[in-house]
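Notes follow the structure.
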Amino acid sequence: MDISVEILDVVFFIALLTWILVDILREDHNKRRIHTTRQTYNVGNCRGFSLFTVISSAVISVSYLGFGFIENWNRGVLIWRAFFSSTTWFLATLVALYAKDTASWPWVLIVWWVFSAVLDLLSLSLFIFAHLKPEHLVPDILPRANVVDLASFPLSLLLCLNVLSHVKNRNSNNLKHPLIEKEEENEEVSSEGEDGGDFVKAGIWSKFTFQWLNPLLKAGRSQKLELPHIPAVPHSERSKNASMMLEESLQKQKFEEPSLAKTILRAVWKSLTVNAVFAGLNTAASYTGPLLITNFVNYLLEKRDDSSIRYGLVLAFIFFFAKTMESLTQRQWYFGAHRIGVRVRAALTVHVFKKATSIKYSGPSNGKIINLINVDVERIGDCCWYIHGVWLLPLQVFLALIILYRNLGAAPSAAALLTTIMVMVSNTPLANMQESLHSKIMEANDSRIKVTSETLKSMRVLKLHSWEQTFLKRILKLRETERSWLKRYLYTCSAVAFLFWASPTLVSVVTFGVCILLNTPLTAGTVLSALATFRILQEPIYNLPELISMVAQTKVSLDRVNEFIKEDGRKLVPCHASKASCVAIEVEKGEYTWETNDQHLKRPSVKITEKLKIMKGFKVAVCGSVGSGKSSLLCGMLGEIPRISGAGMKIYGSKAYVPQSAWIQTGTIRENVLFGKRMDKDEYERVLEACALDRDIKMWGGGDLTVVGERGMNLSGGQKQRIQLARAVYSDSDVYFLDDPFSAKTVVYATHQLEFLEAADLVLVMKDGRIAQSGRYQDLIADLGGELISQMAAHRKSLTHVNTCQQEDSFTSVPSGKNQIEVVEDWFREPIADGKLLEKSQEEEAETGRVKWSVYSTFVTSAYRGALVPVILLCQVLFQGLQMGSNYWIAWATEKEGRVTNKQLIGIFVLLSGGSSIFILGRAVLLATIAIETAQRLFHGMITSIFRAPISFFDSTPSSRILNRSSTDQSTLDTDIPYRLAGLAFALIQLLSIIILMSQVAWQIFLLFLVVLGISIWYQARTKKDRFCIAYYITTARELARMVGIRKSPVLHHFSESIAGAASIRCFKQEKRFLMKAQSLIDDYSRVAFHNSATMEWLSVRINFLFNLVFFLVLIILVTLPRSAIDPSLAGLAATYGLNLNVLQAWVIWNLCNVENKMISVERILQFTNVPSEAPLVIEDCRPKPEWPTDGRIVLDNLHVQYNPSLPMVLKGITCTFPASKKIGIVGRTGSGKSTLIQALFRVVEPSGGRIMIDGVDISTIGLQDLRSRLGIIPQDPTLFQGTVRTNLDPLQEHSDQEIWEVLNKCRLADIVRLLDAPVAEDGENWSVGQRQLVCLARVLLKRRRILVLDEATASIDTATDNVIQETIREETSGCTVITVAHRIPTVIDNDLVLVLDDGKIVEYDSPARLLGDNSSSFLKLVTEFLLRSSGRDCHD
């Protein structure tokens, strides 16, 4: 009967535990609030009874536990009933404590009280009967009473009797609130429906067995999974709710030093508590096997052929129940940890996004922020998996010591404890080293990603200058630094791995050695139990360094994220409510500077010495020379530049901003213009027309729904600016900060186009960061000694160049309806026409189906052609064989006393165990060597392939995709994949060895494994009629794993884009909209990650059960076979190893799934390893002479160009000659083919027909490096790189300091640049756009190339500087062929020849004088319009 009572105790234990978990796992906070409100009705009347109930249950639990310990200590017998009763009463105490404030007790608790009272009453009655009538024997089937049963009966009876009155209270409460309750129930149902998804709707059994995933798995089997097929995550995992919980937790720390770790723990402590319950139950269940293995082996040794098998069957059932409990709780534990990880990642990602878009001035680089999301936030989320190890580790050691003490006694147990502590302590320096090395790896990774990000953004410029190989070497050098730290880190991990596998050997040798010294009797049962305990003790020993390593890595990540979150974001300049007066902007006295982080550069960029008021409706022009502080003044008004003194500036009303460097959001043209505002069709059309966008939209196939790619790729510079302007106009703001004026609003615009000054109500003239002059245009122009007069003089000089060439009758044919921007504007990249703009968003291309074997083959053979792989596998086989041999030896030797001497026993055991440890060390070192080499080779192949890709690849591939592979996937490849793949191979070898061992005991066991293997394969794959094996599980799991990688890229892209446009987002007050989009993208990623982790648990639950069933059947076979048919020692060893069968099988399944999922990272890297490349950099057989080109004569012979065979021809038979040492201007309308012609010259796009000859050499026959390095170009977008002035001007280090200073003087940069080693920030952000353009000019002049291409090289500089630069260009390029893509008339008016293109054909090609003499000339129309705009406004001067 004792066994029956124990089983009933277990049933109630499960029922109570289920009630707790079901109640705690309710996620709807409204339901929880209703639940509390509804059930606290009778608290006041029942508080005393509730307290009595809790105390009584606790007393009974402690009584049973104490009784069990006393009996075990005195008699050496484990009283199972006392143990099970104690744990069940403990859970009953928790349930009572949890429900003590409710109106009714849970039914499961009431049934338990009644059952306990009846059982105690029966036991007490039998006890009295046995003492009164000892001559009557009580049947064995009836329960025997113990002292605790007698003592607890009064308490159980009181609990049972008082339940009745409590039930009455419940009925009374239900009668009082019937209508309210129904209404609340309806609210609950509707609230639950909002979550959606099968997980929320699933019952407890479905959640335990993961049946709620079946619909998704069926969908994945029948079709390719897409995002809409994936159900949403529960509310608690959604980014909005998760971030709110994190912020609430953060608010609770406002009176103490903020700690991100404490904040996260406070936010998820309830979920962690539930997860801890599963972790604790899993640990307790896992130690049941080692505890009972002694009983089982002794039973086999003592069994006779005629003895009863009942005891053996009971032990087998307990083993099966414990292993099943271990499997179920482990699955819930792991999945719960994944859920918490998803929640933490979502919350932190939102938090980082908010901070990244709020930080102004000089915040962390884009690359570092991407790394925070890609690596650090991921690692913090993964830590939820390991966090319970902090308290589980000592619990595991404690349970192991109890088992050792029971089997071997106090001294050997103490020896085992000391050895375990010694092994753990020896890991401490290794763990510290790991933390330090990991920090170094992260720093090196940050540097590499930062440079990679900057390089990718500037790849067009690098290729045009033929500098990509130099920057590739820079990245490879940074990778080499990272690799050196990675190498040391992985070899340290090898030492940790060796310690892990050698620790059971060391502990067992010391423990058994102490037993022999103290003459402690060793039997096969105690030895095998000790070995099983050592094997389980191996986990906490291993987990300690891994735990320390994870804690160290997580601490580094927490510190990095915390440091970023604590960045000084600075408050925005608030928009004040409109005052009764007509003031729009108040500019107070103050100083502003960008260099707040550098203590040596406190010189203010802008200094306001007088208070200034700008009235509503004013148009304010800000002019000045390059670097005078125009943009800084605008940024100061917007609050985007640090104020170091003064009262600041006030803006009354809403703001709109058009930055100098265009910021275009990925999306449609319409989305960019509306920018979060509602569509007003009439107003929208007016804005498009006013901003000259209507003509562009008509040219695009998709109209205003045409999608613009990353950074506005393939849009012309003017198109970008027009879209920005339309965005500002449509916002209908009160104050505008832009470059072109319009009426009825307050407008502040910075400009170099001095012809716009007359239209301004107020002109601010900047010089050296100060407002040198302010007032109306007429007043300032009358001040002959003023700053404006000197600038206007330069403006008139530029007009003189045009007037000199202009014929007297040139004003007679002025076109009236054209916009000058429309006529001459273009950019170096061909504007999008004829369908070249993306018609829809380009989703990342992903492989489908299983990961190809070629991916595995490439990965395995990357290092040393795979030569070390067989050696590693051999080491594992020898290790496994020697370890099993040592265990069998000591079990066989102790089966019969005196079989071997003590010296032989311990000597051979040490020899076998030591040999196994040596092979483990070799395996660990060789694996680290392979991992380092493989990671390096694959990285080198990917980054080299990317740098050899054509520019079209970078136009169509967002940089976030490349960065995702370069950071996340590469990090996975560095430290994870080799160990996952090796772990799978090692686990399979272990599993096979256990199957062989068990089959040696009884051949029937082998048949069992064949059956289970067949079922496992059936679970993983089902065959359809088309004879193709379509995986039921793995198909869905694989696609989900792919989607995890793909869904991460949009998050990173949105981050990168939002950070780049943060100033515009803040100015237009669009932070909330961008945050909502970020949350949506994060939720898309979370739902994929959530279901990805669940699919693995789905499979593990089923395969675990099968292997547990196999283990149960193995034990049944061992119990039922006759004693003479088995070797007890071998059978005991098989049972001992069988204890780890489900763990090992789970490890195999987990690695099997993880390997394919992780190999997707390799697959993604290999995708970019095979990118189609450009033509060769160098063709050895066709290299031009070193001095080529000598003359600079360019011949275009019937040139045809199209970007794609499916697209129309862009250049249609261009035939002309650019004479040597002449200056040629190229003009034409948008889409005429100007930029395509230049791209063909640099072979950015290869000709479809015809050829280009330079000094008699067909450029298509030579290498790209030989071509591009001999040409010079200044693109319109000035690009600087992080580093110094020297590295920006001369990245190849080919010129002396004197030569560099010469060109700096010629470009008017010598006064700005004090040192050649002066720092240049990322993207040159510490330089104005005009200054950056001058640096680009100096860069080309330094190269002194015979052929020079200027794409409006001076578009962002003032007229005076422009005149000087134009003169410098004329002087320095007197013997050069100069091709100018014209944007402004003065830049081409003095050229030798002008080429006018239209629709890919030559319209005109002659000298400017002759073209201006032809009244029908297109060039004449351009010039006259320019003069009408400029001279007409200056004529009164």
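Each residue takes its place number in the sequence, starting with 1. Since the structure is predicted, the reported quantities are computational estimates derived from the model, not experimental observations.
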Could you check whether D976 and T972, counting side-chain N and O atoms only, form a donor-acceptor pair closer than 3.5 Å? no
State which residues pass salt bridge (charged side-chain N to carboxylate O under 4.0 Å, His left out) with E933; sequence neighbours excluded, sorted by chain then number. R483, R937
With side-chain contact (heavy atoms from CB on, under 4.5 Å) as the criterion, how do S466 and L1264 come out once you've worked through the C-alpha distance, each side chain's angles and the decisive distance to 0.1 Å? CA-CA 8 Å; S466 192; L1264 292 181; over 6 Å; no
Within the distance-only criterion (no hydrogens, no angle test), does the side chain of S494 pair as donor or acceptor with the backbone N or O of L490 below 3.5 angstrom? yes
Please name the pair of heavy atoms, one in L1081 and one in V1051, separated by the smallest distance, quoted to 0.1 Å. O-CG2, 3.7 Å
Distance from R560 atom CZ to L558 atom CG, nearest 0.5 Å? 11.5 Å
Is the closest side-chain heavy-atom distance between D974 and I932 below 4.5 Å? no
By the definition side-chain contact (heavy atoms from CB on, under 4.5 Å), identify the one residue from I872, V871, L874, I918 that meets it with R923. I872
Backbone N/O of T1287 and side chain of T1284: donor-acceptor pair under 3.5 Å: yes
Side-chain heavy atoms of Q936 within contact of E480, under 4.5 Å: yes
Above 12 or not: heavy atoms from other molecules or residues under 6.0 Å from CD of Q1293? no
Tell me whether K463 contacts the main-chain N or O of A949 through its side chain, where contact means a donor paired with an acceptor under 3.5 Å. yes
Is there side-chain contact between V855 and L1166, with heavy atoms separated by less than 4.5 Å? yes
In chain order, what residues pass the ring-ring contact (aromatic ring centres under 6.0 Å, His included) check against F947, with sequence neighbours excluded? none
Got L981 and F859 here, is their nearest side-chain heavy-atom distance under 4.5 Å? yes
CD1 on I1262 to CZ on R1183, rounded to 0.5 Å: 9.5 Å
Relative to the ring of W501, is the ring of F879 parallel (under 30°), tilted (30 to 60°) or perpendicular (over 60°)? perpendicular
OG1/T452 to CD/Q970 distance, rounded to the nearest 0.5 angstrom? 10.5 Å
Residues R460 and H465: side-chain donor-acceptor under 3.5 angstrom: no
I'd like to check F564 versus D376 (side-chain heavy atoms, cut-off strictly below 4.5 Å). Are they in contact? no
Please walk me through it: do I1082 and F353 pass side-chain contact (heavy atoms from CB on, under 4.5 Å)? CA-CA 11 Å; I1082 292 166; F353 179 84; 5.8 Å; no
I'd like to know if the side chain of R1339 reaches the main chain of N1288, judged simply by a donor and an acceptor atom lying under 3.5 Å from each other, with no hydrogens or angles considered. yes
Is the charged tip of R479 near the ring of F939: under 6.0 Å from the six-membered ring centre and within 45° of its axis? yes
Backbone N/O of V451 and side chain of E454: donor-acceptor pair under 3.5 Å: no
Partner residues of A985 under the side chain to side chain contact (heavy atoms under 4.5 Å, CB included) criterion, sequence neighbours left out: L873
Going by heavy atoms in the side chains, are V1162 and L973 under 4.5 Å from each other? yes
So, for T1169 and I1165, which heavy atoms are closest and what is the spacing to 0.1 Å? OG1-O, 2.9 Å
Here's one to test your reading of the geometry: is the NZ or CZ of R1268 within 45 degrees of the ring axis of F1242 and under 6.0 Å from its centre? no
Rounded to the nearest 0.5 Å, what's the gap from CG on L260 to CG on D559? Could you check? 9.0 Å
As an exercise, state the distance from CG of L1304 to CG of L1316, rounded to the nearest 0.5 Å. 6.5 Å
Between D1290 and H1295, which heavy-atom pair has the shortest distance, and what is it? OD2-N, 2.9 Å
Hey, is the main chain of V1171 close enough, under 3.5 Å, to the side chain of S945 for a donor-acceptor pair? yes
Partner of T349 under side-chain contact (heavy atoms from CB on, under 4.5 Å), chosen from V344, L372, I373: I373
Drop me the distance from L1337's CG to L1342's CG, to the nearest 0.5 angstrom. 11.0 Å
Side-chain (R965) to main-chain (R961) donor-acceptor, under 3.5 angstrom: yes
So that I know where these two stand, are F953 and F1168 an aromatic pair - ring centroids less than 6.0 Å apart? yes
Between K1158 and E1163 (salt bridge meaning N to carboxylate O under 4.0 Å), is one present in this structure? no
Note, K1048 side chain near E378 side chain (heavy atom, < 4.5 Å): yes
Residue pair D382, R345: steps toward the side-chain contact (heavy atoms from CB on, under 4.5 Å) verdict: CA-CA 9 Å; D382 291 341; R345 287 188 201 100; 2.6 Å; yes
Geometric class of the F1281/W467 ring pair [parallel <30°, tilted 30-60°, perpendicular >60°]: perpendicular
Between W1301 and V1313, does the side-chain contact (heavy atoms from CB on, under 4.5 Å) criterion hold? Intermediate values first, please. CA-CA 9 Å; W1301 280 114; V1313 178; 4.3 Å; yes
Evaluate side-chain hydrogen bond (donor to acceptor under 3.5 Å, both in side chains) for R448 paired with S966, printing each intermediate quantity in order. CA-CA 9 Å; R448 177 174 60 83; S966 187; 2.9 Å; yes
Just by distance, do the side chain of T492 and the backbone of R488 share a donor-acceptor pair under 3.5 Å? yes
Minimum-distance pair of heavy atoms, taken over all atoms of E1174 and I951: OE2-N, 4.3 Å
Taking R948 for the side chain and A1175 for the main chain, is one N or O donor matched with an acceptor at less than 3.5 Å? yes
Mind listing the closest non-hydrogen atom pair of A444 and W485 along with its distance? CB-CD1, 4.4 Å
Any side-chain to backbone donor/acceptor pair from R1345 onto S1269? Under 3.5 Å, distance only. yes
Note: F498 and L921 closest approach over all heavy atoms is CD1-CB, 3.5 Å
Heavy-atom distance under 4.5 Å between the side chains of Y864 and T929, does that happen here? yes
